[in-house]
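Here is the structure we will look at, set down as structure tokens.
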Amino acid sequence: LYYCELEEGEAIVRRDASREGLPSVVGVYPLNQMPVFQAVLEAGRPFVVEDVSTTEVVDEVLRELCLQTQVVSFIDVPVVKAGRAVGLLCITQGTPRRWTDFERELAEEVAERTWAAVERARAEAALRASEERLKLTVESVRDYAIFTLDPERRVTSWNRGAERVFGYAADEIVGGSGDVLFTPEDRAASAPEHEALTAAAEGRADDDRWHLRRDGTRFFASGVTTPLKDGERLLGFVKVARDLTEQREAEPERERLLVRLEELNETLEQRVLERTEALSHSQQRFSQAFYVNPIPACMTTFGRETFVEV
């Protein structure tokens with residue numbers, strides 16, 4: 001007995017089950033070289049052979065191949081999903097056999113269950129690969145603390161960034177309460193509980209506050225806590241945080257510089273206004289001198305200088 005996965009014109013047999021002494025059929029077979037398989041897939045229904053040595057539904061090449069592999073009778077059951085053949089279950093026997101209706105129905109049921117098991121195994125393998133990629137990604141992030149908590153706020157995972165930011169090694173904090181990362185006053189005010197309740201109810205909880213490192217020093221972290229759910233069931237929380245202590249401590253100086261810049265802008269604007277008024281006054285005097293009475297009464301030249309008396 002063996003199951004073929006059909007992919008891109010090939011029948012792939014990953015494992016088989018047969019009595020001792022029979023050759024294995026594990027391998028990859030081009031469908032264009034398997035006429036029986038093609039006929040079964042095109043018909044979309046089980047293909048039954050009771051004795052390959054006497055049947056007329058197989059050609060001589062296939063007959064010889066079957067006899068060489070000690071396949072005398074068989075049932076091939078296609079698995080069709082959404083109009084496309086995705087698998088083929090083959091049940092073989094080394095002697096002639098008259099297959100009953102019950103055996104045919106059983107073969108079809110086994111084919112469906114085998115397909116479901118294969119798909120489930122594929123999905124689980126893809127999920128494991130995805131989880132491994134995510135784990136590697138999270139572990140490689142060093143500027144952000146990324147860790148998970150169970151519904152009781154116990155730490156369940158801890159990345160290298162969290163180790164660098166908070167100072168705890170994974171084996172020191174995983175399994176323990178995540179509340180130790182909060183300051184005593186925040187714990188007294190039930191901040192960890194409120195943060196978890198907000199994240200569970202609203203889908204996220206912003207977390208911009210002072211936290212504690214393992215050595216007891218404080219640092220300002222900006223982060224967010226989001227819930228992990230399976231449908232409506234709460235599995236825990238994931239928290240992402242970043243150390244912004246330097247930015248936080250630089251904020252007063254930044255504010256002072258902004259105030260000073262605003263003062264300088266106001267002073268510059270005042271000086272520009274005063275200069276504009278002075279220029280306007282000079283222009284008015286000039287206009288009075290040359291446009292109100294434009295004909296000079298007397299012009300006197302001394303060297304390169306010329307004086308006008310109006």
Side-chain angles (χ1 to χ4, degrees), residues 5 79 81-82 84 86-87 112-214 218-245 247-248:
E5 300 174 45
V79 180
K81 299 296 177 183
R84 183 175 67 89
V86 296
E112 286 292 329
R113 293 189 178 187
T114 304
W115 171 81
V118 169
E119 290 302 302
R120 183 166 58 252
R122 284 180 173 178
E124 291 173 352
L127 178 60
R128 286 193 297 271
S130 177
E131 289 175 343
E132 185 62 25
R133 288 194 297 271
L134 177 61
K135 180 181 178 181
L136 292 174
T137 300
V138 170
E139 286 297 327
S140 67
V141 176
R142 300 186 61 84
D143 291 335
Y144 288 85
I146 304 175
F147 57 96
T148 56
L149 307 161
D150 66 15
E152 285 71 43
R153 304 189 305 283
R154 291 186 293 264
V155 179
T156 54
S157 70
W158 191 257
N159 82 325
R160 294 180 182 177
E163 182 175 337
R164 186 186 68 82
V165 172
F166 288 96
Y168 290 92
D171 58 2
E172 293 178 313
I173 195 167
V174 170
S177 174
D179 293 0
V180 298
L181 307 175
F182 290 78
T183 61
E185 55 269 28
D186 280 344
R187 291 200 298 270
S190 300
E193 293 91 331
H194 293 159
E195 182 177 295
L197 289 173
T198 300
E202 301 180 9
R204 63 175 288 147
D206 293 328
D207 182 37
D208 297 330
R209 67 176 77 243
W210 292 94
H211 285 73
L212 285 182
R213 291 191 177 91
R214 183 179 182 278
R218 299 187 177 210
F219 69 99
F220 189 83
S222 177
V224 62
T225 299
T226 55
L228 294 172
K229 291 185 176 182
D230 180 9
E232 295 299 320
R233 184 166 66 97
L234 180 65
L235 302 178
F237 304 92
V238 59
K239 187 166 184 174
V240 181
R242 187 180 185 187
D243 183 358
L244 294 183
T245 306
Q247 294 88 325
R248 176 79 173 186

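Both backbone and side-chain heavy atoms feed into the values below; hydrogens, waters and symmetry mates do not. What you see is a predicted model, and the numbers here were worked out from it, not measured in a lab.
- Within a 6.0 Å sphere centred on CZ of Arg113, heavy atoms belonging to other residues, nucleotides or ligands number 12 at most.
- Side chains of Val238 and Ser157 form no contact here, defined as non-hydrogen atoms less than 4.5 Å apart.
- The OH atom of Tyr144 sits 11.0 Å away from the CZ atom of Arg164 when rounded to the nearest 0.5 Å.
- The CG atom of Leu149 sits 6.5 Å away from atom OG1 of Thr156, with the distance rounded to the nearest 0.5 Å.
- A salt bridge does not link Glu119 to Lys81: none of the charged side-chain nitrogens sits closer than 4.0 Å to a carboxylate oxygen.
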Could you go through residues 221-229 and list every donor-acceptor pair under 3.5 Å that involves a side-chain atom there, pairing it with any protein atom two or more places apart or in another chain?
residue	atom	partner	partner atom	Å
Ser222	OG	Asp208	OD1	2.6
Thr225	OG1	Glu195	OE2	2.8
Lys229	NZ	Ala200	O	3.4

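- Using a 30° and 60° split on the angle between ring planes, Trp158 and Tyr168 fall in the perpendicular class, above 60°.
- Counting only residues at least two apart or in different chains, side chain to side chain donor-acceptor pair (under 3.5 Å) contacts with residues 180-190 comprise Thr183-Asp186, Glu185-Arg218, Asp186-Arg209.
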Open item on the list: side chain to side chain contact (heavy atoms under 4.5 Å, CB included) for Ile173 and Leu181? Distances and angles first, verdict last.
Closed with: CA-CA 10 Å; Ile173 195 167; Leu181 307 175; 3.9 Å; yes
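- For Pro192 against Asp179, the heavy-atom pair with the smallest separation is CB-OD1, 3.2 Å.
- Between the CD atom in Glu193 and the CZ atom in Arg153 there is a gap of 4.0 Å [rounded to 0.5 Å].
- Thr245 contributes a side-chain N or O that, together with a main-chain N or O of Phe220, makes up a donor-acceptor pair within less than 3.5 Å.
- Smallest separation of non-hydrogen atoms from Leu234 and Pro151: O-CG, 3.7 Å.
- Residue Phe237 comes nearest to Asp150 through the heavy atom pair CD1-O, 3.9 Å, listed as atom of the first residue, atom of the second, then distance.
- Between Thr148 atom OG1 and Asn159 atom CG the span is 10.0 Å, to the nearest 0.5 Å.
- Residue-environment remark: CZ (Arg214) stays at or below the threshold of 12 foreign heavy atoms within 6.0 Å.
- For Arg233, the salt bridge (charged side-chain N to carboxylate O under 4.0 Å, His left out) criterion is met by Asp230, not counting sequence neighbours.
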